[in-house]
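Single-structure report; data block below.
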Amino acid sequence: MKIKCLHIKSFSFLKLNKYYFSSSISSIRNIPPRIEEKIGESIYKIPNHPLNIIRNKIFDFFENEKFSSMRSKIPNENKFIIKDDFHPIVTKKENFYDLLVTDDNETISPKNTYYHDDNHVLRTHMTAHDVQMIRSGLKSFITLGDVYRRDSIDSTHYPIFHQIDGVRIFNYENLKEHAYSTGIHNSNSELSESTLNEIVRDDLKFILENLNQHIFGEVKFRWVEAYFPFTEPSYELEIFFNGDWLEVLGCGLLRTRILDNSGLDPKKHVAWAFGIGLERLAMKLFDVKDIRLFWTKDQRFLSQFSDGKIKKFKPYSKFPPCYKDITFFVPETFCENDLLEIIRNVTGDLVEDVKCIDTFTNPNTNKTSKCFRILYRHMDKTLTNEEINIFQVKIREMSEKILNLELR
Ligand code: DAH
């Protein structure tokens, strides 16, 4: 496979971990120790953690009989099975190809995805487990876990976040029976597949609106057509909350090829699926403005929340920001996510935001330079200039050595 953007020559001199960033130039492995250390931390299992509170609310909705009238009007003899302990390393096939994500899709590139080796990645979404769950014979299930993406650095992005995926499979015969018995359709004419699919799509929308009401209270909804390689039709749901439209989930009907690949006859079955990002919901619900806070061990954060209660977070302090600029000449093949990875590795969670504030190509030399503004802010104390300068030196050093960037 051709790898477009992995300019990381060799991280071995970092001596961070002996097998990490193998010195082999051809190695695709790009999971840094800082990410690796966090695998298995399962912050969504910490009692009273905002992510745990949302998780419980969602599980409650799917498991608890109390909410049965809100769940689905189509009888379900199979209870939702919940799995939240799958290991996040999955095969490239499970994460992408089984879901009809093809090699031309940017997300497959090691620029955007953490590779464990040529054939394994840190899952980029929980949908990666859907095919295996369907193959195991389950008809309705929910999976929850940590997902990983090489992404920008700002207050709403963190390389690890959490998602819930849900799937329900319907049998056309049962759907027909339901449609006749409830009078959705009169039995004189044959029900077409597309009418049955519409019934399933409406069921999906009904459930997801109710689920969001269960989480957010009375809110307005807006359905937006979307595209996902694995569903058709596909939608996103937006809710109006605290004066803003907020995109809360993606969903749709699984493509017939996926059912077929999962061992189900698509002539006899149809399935809906959805995926929800937990941090996005938690940030709005609890008024947490900086995504890094979900990882803090500071009791001043955790002690503010308690199970079952949605309560606004009161920032215990906001320490002053410190801005530093770094300017490099960059090669044509420069990959911004590689630089961000170095910044994360050097600084841990101390950087709140990184923006490219200037790009300039010298017409005489044809050389391009980029200036990045790094915002440092510790969540629990004030950083000194000396501390930050050490990071700056290290970032420069590594960018030169690893990414071949030339300092200006
Ligand atoms: N996996 C998608 C993402 O990470 C979210 C999603 C969309 C999941 C549609 C689904 C779905 O199961 O049907 O953006």
Side-chain angles (χ1 to χ4, degrees), residues 44 54 58 62 72 80-84 86 88 90-102 105-109 112-114 121-135 138-152 156-170 197 200-209 211-212 223-239 246-259 261-262 264 266 269-281 291:
Y44 58 92
I54 294 195
I58 297 177
F62 284 99
S72 175
F80 276 90
I81 299 296
I82 295 179
K83 275 281 279 176
D84 65 357
F86 277 124
V90 298
T91 63
K92 192 175 172 190
K93 180 170 171 292
E94 287 167 325
N95 198 80
F96 299 120
Y97 303 142
D98 278 354
L99 297 167
L100 315 179
V101 179
T102 46
N105 193 312
E106 275 286 285
T107 61
I108 289 199
S109 162
N112 302 310
T113 293
Y114 290 109
V121 298
L122 277 172
R123 63 187 167 213
T124 61
H125 54 177
M126 287 310 289
T127 321
H129 297 287
D130 285 359
V131 166
Q132 126 195 46
M133 293 288 272
I134 300 173
R135 274 206 195 114
L138 293 172
K139 295 290 187 282
S140 23
F141 58 84
I142 304 283
T143 59
L144 182 152
D146 32 343
V147 300
Y148 299 74
R149 293 184 194 174
R150 295 183 95 217
D151 217 329
S152 45
T156 61
H157 289 89
Y158 198 80
I160 313 174
F161 59 103
H162 298 83
Q163 285 187 337
I164 285 193
D165 244 65
V167 171
R168 181 173 173 197
I169 298 161
F170 300 81
N197 289 353
V200 171
R201 182 204 58 196
D202 291 346
D203 180 66
L204 171 67
K205 289 186 171 179
F206 173 80
I207 291 175
L208 292 175
E209 287 184 6
L211 172 64
N212 276 281
W223 285 97
V224 181
E225 288 199 12
Y227 172 80
F228 300 104
F230 33 91
T231 47
E232 172 61 32
S234 309
Y235 307 95
E236 278 165 358
L237 174 60
E238 297 182 352
I239 63 165
L246 169 72
E247 181 202 310
V248 286
L249 58 85
C251 67
L253 300 190
L254 282 182
R255 284 185 190 268
T256 50
R257 249 180 79 196
I258 295 184
L259 297 183
N261 291 345
S262 317
L264 285 180
H269 300 93
V270 53
W272 58 235
F274 69 86
I276 302 181
L278 293 191
E279 275 79 351
R280 186 183 277 252
L281 302 192
I291 196 166

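In each ligand, atom 1 is the first atom listed, and ligand 1 is the first ligand listed.
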Let's go through V167 and M133 carefully: what are the C-alpha distance in whole Å and the side-chain angles of both, what is the deciding distance for side chain to side chain contact (heavy atoms under 4.5 Å, CB included) to 0.1 Å, and is it a yes or a no? CA-CA 9 Å; V167 171; M133 293 288 272; over 6 Å; no
Please verify the inter-ring angle class for W223 with Y235; under 30° counts as parallel, over 60° as perpendicular, anything in between as tilted. perpendicular
Between T127 and D165, a side-chain donor and acceptor under 3.5 Å: yes
Have H162 and E279 got a donor and an acceptor in their side chains that come within less than 3.5 Å? yes
Assess the side chains of H157 and R149: does a donor N or O sit below 3.5 Å from an acceptor N or O? no
At less than 4.0 angstrom from any atom of ligand 1, which residues have a non-hydrogen atom? List them by chain and residue number. H125, T127, R149, Q163, D165, F228, F230, T231, G250, C251, G252, A273, F274, G275
Before we go on, tell me: are the rings of H125 and F230 under 6.0 Å apart, centre to centre? yes
